[in-house]
Each structure stands twice: as structure tokens, then as C-alpha cells.
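Small disclaimer: the values here were computed from a predicted structure and weren't measured.
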Amino acid sequence: EPGTRWLYSSPGYLLVGLIVERAGGQPYPDFLTERILSPLGLASTTTGATAAGPVMARGHRNGQPVPSWDLSAMAGTGDICSTAGDLARYTTALHSGGLLTASSVRLMCTPHAPAGGGQSAGDGWLVSDGYGYGHYIGTIGGQAAYFHPGDNPGYLSFVGWIPGDAVS
């Protein structure tokens, strides 16, 4: 029955990337750069090609370096390389009307499926109650929050928004 069960799907975001390319009439990385990254001033965020240079952190797993890999193969999921500062700027812009309309943000932050505790921490600090469009909906430290983790070989990320305090 629709809406009774949900599982996260990275391949689903690959499909979203293809839809963005077709609807936008340009490659996904170009669309993101032109419509989101540049207008929001996210100068330390790239999509498609693997970021390089002295400021790029080297990924590790179990204390060992992980070789870099081609992020362009993951258009729509796992293909963005950013900094904590840019993630905070993006999240603030998203939730304060700098990127989407208020009604679109509301749809993103409305639970459309139960998340079944898929991102909950055993200590109760992080709890997911549902999943919206690209956001887990739940609590962080007992406060209402919208969040999403990410991972690629050697890297882990987490971005969250606590609306009561307007904190990213």
C-alpha cells in the first residue's frame, strides 16, 4: 500500500538527475552550477568532477586513505563535493526563501513516508520520523529538525536545519 513503507533509494536520485537534465536542457552539473551554486555564492562546492587541490580533504576508511573516484558517474546522488560553510549557506538559503518558494520548501519538509527510524541514533539524540522530498523529518537533540546524511567511499557528511532557532 503506498505510503505504508519506505526505503531510501540512491538510484532514485540518479533518476532525478536525469529528469533535471532533460527538463533543464543541459547537463546536470551545468544546471546545478548555473541555477543553484553560482547564485548562492557556493564557491567551494563542485558537482560532477572530483574536486582537487590543496584544500580537498583526503577520504579515509579504517584509518587508511581511500583513492579518489569519478563523482560524475553519480549525477544526482553522491556527485557533490562541498565544505561545511557552503552546506550551511545552502541550507540557510533553502529554508529562508533564498532558493525555493515557501510552498515548495513546505512540501520538501512534509513527511510523505514513514522513515521507520532509518537515521535514528540509539541514544535518541537524532530521530527520524518521516521522509519528505530530500529531507528526513524528525528531531536533533529534542528539537524539530530537517536533515540528511551523505556518504561516499572515505567520506561522511551530515546537514541539518533546526527551524526553531534558524540554525544550520
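A distance of 10.5 Å separates CD1 in Ile140 from OG in Ser128, rounded to the nearest 0.5 Å. Atom OG1 of Thr139 sits about 6.5 Å away from atom CG of Asp129, to the nearest 0.5 Å. Put simply, CD1 on Ile80 and CG on Leu87 are 9.0 Å apart, with the number rounded to the nearest 0.5 Å. One distance of note links OG1 of Thr46 with CG of Asp86; it measures 10.0 Å at 0.5 Å rounding.
Pairing each heavy atom of Ala144 with each of Pro163, the nearest pair is O-CD, 3.2 Å. The heavy-atom pair separating Gln143 from Ile162 by the smallest distance is OE1-CG2, 3.4 Å. Among all heavy-atom pairs drawn from Gly59 and Tyr155, the shortest one is N-OH, 3.0 Å. Pairing each heavy atom of Ser44 with each of Thr83, the nearest pair is CB-CG2, 3.5 Å. When every heavy atom of Leu14 is checked against every heavy atom of Ala75, the shortest pair comes out as CD2-O, 3.3 Å. Across all their heavy atoms, Ala88 and Ser168 have their closest contact at CA-OG, 3.4 Å.
Contact annotation: the side chain of Leu126 approaches that of Phe147 to within less than 4.5 Å [non-hydrogen atoms, C-beta and beyond]. The shortest distance between side-chain heavy atoms of Met108 and Leu100 falls below 4.5 Å. A 4.5 Å side-chain heavy-atom check between Tyr90 and Leu99 finds at least one atom pair inside the cut-off. With contacts defined as side-chain heavy-atom distances shorter than 4.5 Å, the pair Leu40/Arg89 does not qualify.
Ring geometry, Tyr8 versus Tyr131: the interplanar angle exceeds 60°, so the pair is classed perpendicular (tilted spans 30 to 60°). The aromatic rings of Tyr13 and His148 sit perpendicular, their planes meeting at an angle over 60°, well past the 30° parallel limit.
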Which pairs of donor and acceptor atoms, one on a side chain in residues 22-39, lie under 3.5 Å apart (sequence neighbours left out)?
residue, atom, partner, partner atom, Å
Gln26, NE2, Asp30, O, 3.2
Thr33, OG1, Pro29, O, 2.9
Ser38, OG, Thr33, O, 3.1

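Ile137 belongs to a hydrophobic cluster whose other members, connected by ILVMFWY side-chain contacts under 4.5 Å either directly or through intermediates, are Tyr146, Trp161.
Residue pairs that meet the side-chain hydrogen bond (donor to acceptor under 3.5 Å, both in side chains) test with at least one member in residues 95-110, sequence neighbours left out, are Thr101-Ser103, Thr101-Ser104.
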